[in-house]
Amino acid sequence: MTSAGSATPGADAVEMRAALLRLRRSTGLQIAFGGLLQEPLRMRIAELNGAATGALRGLAIRSGSGLGGKAVALARPCAVTDYREARHISHEYDVPVAAEGLRAVLAVPVVVRRRVRGVLYGALRQPVALGDRTLDAAVAAAREVEQNLVVRDEVERLVAAECAPEPDGRARLREEVREVRTELRALAPSIADSGLRERLLSLCDRLTDAAGPGAAAGDTGRTLAPRELDVLACVATGSTNAAVAERLGLRPETVKAYLRSAMRRLGAHNRLEAVVAARRAGLLP
């Protein structure tokens with residue numbers, strides 16, 4: 001991307017391909033396609049899954065134009081039962097849409113911090129109503145892309161700032177990096193997709209490296225192993241050991257072992273004390 005974001009084209013392609021594949025698998029849609037904005041209010045369809053032709057590849061979509069452009073302008077999902085007969089969209093893209101044989105089409109915007117960053121489309125080659133289940137799946141796919149972009153944007157912003165800090169702002173920046181790292185690690189256990197969860201944890205490690213020596217320790221100098229932090233972050237949300245085990249893919253006995261170890265490191269006598277101590281130490285948000 002250029003002005004719409006700072007990620008590399010390769011990262012964009014990987015994320016979009018994965019989202020389109022999930023969308024088709026979860027809905028049975030015949031084709032899914034989309035892209036991220038390359039400039040404000042303008043995107044290009046860069047990735048396709050299930051396409052019969054190349055008619056849509058590289059198509060530039062302007063805000064307000066066609067179904068996807070309407071989704072960009074309104075920042076909300078839009079759908080039509082029969083694209084070529086739809087009265088509430090403009091028809092600048094009828095030729096490539098007809099070449100691909102699309103009839104029922106939905107478009108879901110990818111919105112990050114109230115700014116549209118891209119669009120995911122799904123379609124059938126028959127004029128049928130797309131139900132709530134299909135729309136919900138498309139929205140869920142878009143939300144995963146949004147989550148990836150939020151994490152990536154924050155990491156890249158902090159790493160870039162660390163490379164050129166203000167002369168008197170290094171301590172403040174290190175503190176901000178540490179706070180963001182602990183917030184992201186606390187978020188990780190709630191992510192069901194194991195690949196995305198591991199990627200997020202990897203980014204947390206990058207933040208630790210960027211923050212420099214001592215970043216893995218809290219204000220008191222206490223430290224916890226990554227899995228101890230994962231378990232404690234779940235416990236902090238009120239989860240039982242059984243729920244933590246299911247969320248993290250661990251055995252309940254393993255969760256108990258990590259919790260005991262975390263309590264010992266923090267000088268705590270029970271779960272609540274451990275959470276409080278971790279927060280005071282800056283290890284949890």
**Message:** Salt bridge or not between Arg133 and Asp136? Use side-chain N to carboxylate O under 4.0 Å.
**Reply:** no
**Item:** Cluster check Val80, Val108: I/L/V/M/F/W/Y, side chain < 4.5 angstrom
**Value:** no
**Prompt:** Is there side-chain contact between Ile61 and Val72, with heavy atoms separated by less than 4.5 Å?
**Reply:** no
**Item:** Glu100 and Arg125: CA distance, side-chain angles, deciding distance, side-chain contact (heavy atoms from CB on, under 4.5 Å) verdict
**Value:** CA-CA 8 Å; Glu100 188 60 42; Arg125 297 184 174 90; 2.5 Å; yes
**Prompt:** Hey, quick one: are Leu135 and Val110 part of the same hydrophobic cluster, counting side-chain heavy atoms closer than 4.5 Å, chains of contacts allowed?
**Reply:** no
**Prompt:** Where do Tyr93 and Arg62 come nearest, in terms of heavy atoms and distance?
**Reply:** OH-N, 3.2 Å
**Under-4.0 Å salt bridge between Glu253 and Lys256** = no
**Request:** Write down the atom of Arg24, the atom of Ala32, and the distance for their closest heavy-atom approach.
**Result:** CG-CB, 3.6 Å
**Request:** Look up atom CG in Leu59 and atom CD1 in Ile45, then write down how far apart they are to the nearest 0.5 Å.
**Result:** 4.5 Å
**Asked** Counting N and O atoms only, with roles assigned by atom type, does the side chain of Arg42 sit under 3.5 Å from a partner on the main chain of Ser63, one being a donor and the other an acceptor?
**Response** no
**Request:** First locate atom CZ of Arg44, then atom CG of Leu37, and finally report the distance between them rounded to the nearest 0.5 Å.
**Result:** 11.5 Å
**Complete:** Interatomic distance, OG1@Thr254 vs CZ@Arg227, rounded to 0.5 Å, equals 10.0 Å
**Message:** Is there a continuous path of hydrophobic side-chain contacts, each under 4.5 Å between heavy atoms, that joins Leu120 to Val150?
**Reply:** yes
**Message:** Please determine whether side-chain contact (heavy atoms from CB on, under 4.5 Å) holds for the pair Val244 and Leu259, giving the CA-CA distance in whole Å, both sets of side-chain angles, and the decisive distance to 0.1 Å.
**Reply:** CA-CA 11 Å; Val244 174; Leu259 188 54; over 6 Å; no
**Prompt:** Transitively linked via ILVMFWY side-chain contacts under 4.5 Å: Leu21 with Met16?
**Reply:** no
**Message:** Is there a side-chain contact (heavy atoms from CB on, under 4.5 Å) between Leu124 and Gln30? Walk through the geometry before answering.
**Reply:** CA-CA 5 Å; Leu124 295 171; Gln30 294 166 320; 3.7 Å; yes
**Least distance between heavy atoms, Ala274 atom then Ala268 atom** = N-CB, 3.4 Å
**Message:** Ring-plane angle category for Tyr83 and His91, please: parallel below 30°, perpendicular beyond 60°, tilted otherwise.
**Reply:** perpendicular
**Asked** Nearest 0.5 Å, what's the CD-CD distance between Glu15 and Gln147?
**Response** 11.0 Å
**Prompt:** How close do Ser90 and Gly64 get, heavy atom to heavy atom, and via which atoms?
**Reply:** OG-O, 3.8 Å
**Request:** With rounding to the nearest 0.5 Å, note down the distance linking CD in Gln126 to CG in Asp82.
**Result:** 11.0 Å
**Message:** More than 12 heavy atoms of other residues, nucleotides or ligands under 6.0 Å from CZ of Arg25: yes or no?
**Reply:** no
**Request:** Count the heavy atoms of every other residue, nucleotide or ligand shown that sit under 6.0 Å from CG of Asp132, and state whether that count exceeds 12.
**Result:** no
**Message:** Tell me the closest heavy-atom pair linking Ala245 and Arg251, and the distance in Å.
**Reply:** CB-C, 4.0 Å
**Asked** Do you know the tightest heavy-atom contact between Leu48 and Leu20?
**Response** N-CD1, 4.2 Å
**CA sep, side-chain torsions, deciding dist, call: Leu130, Leu29, side-chain contact (heavy atoms from CB on, under 4.5 Å)** = CA-CA 10 Å; Leu130 297 170; Leu29 289 169; 4.1 Å; yes
**Item:** Lys70 (side chain) donor-acceptor with His88 (main chain) under 3.5 angstrom
**Value:** yes
**Request:** Rounded to the nearest 0.5 Å, what's the gap from CG on Leu102 to CZ on Arg84? Could you check?
**Result:** 11.0 Å
**Request:** Check the side chains of Asn241 and Arg271 for a donor-acceptor pair under 3.5 angstrom, ignoring hydrogens and angles.
**Result:** yes
**Request:** Report yes if some heavy atom in the side chain of Ile31 is under 4.5 Å from a heavy atom in the side chain of Leu56; otherwise report no.
**Result:** yes
**Request:** With the side chain counted from C-beta on, respond yes when Leu224 and Leu266 share a heavy-atom pair under 4.5 Å apart, and no when they do not.
**Result:** yes
**Common cluster, Val111/Leu23, ILVMFWY with side-chain heavy-atom separation under 4.5 Å** = no
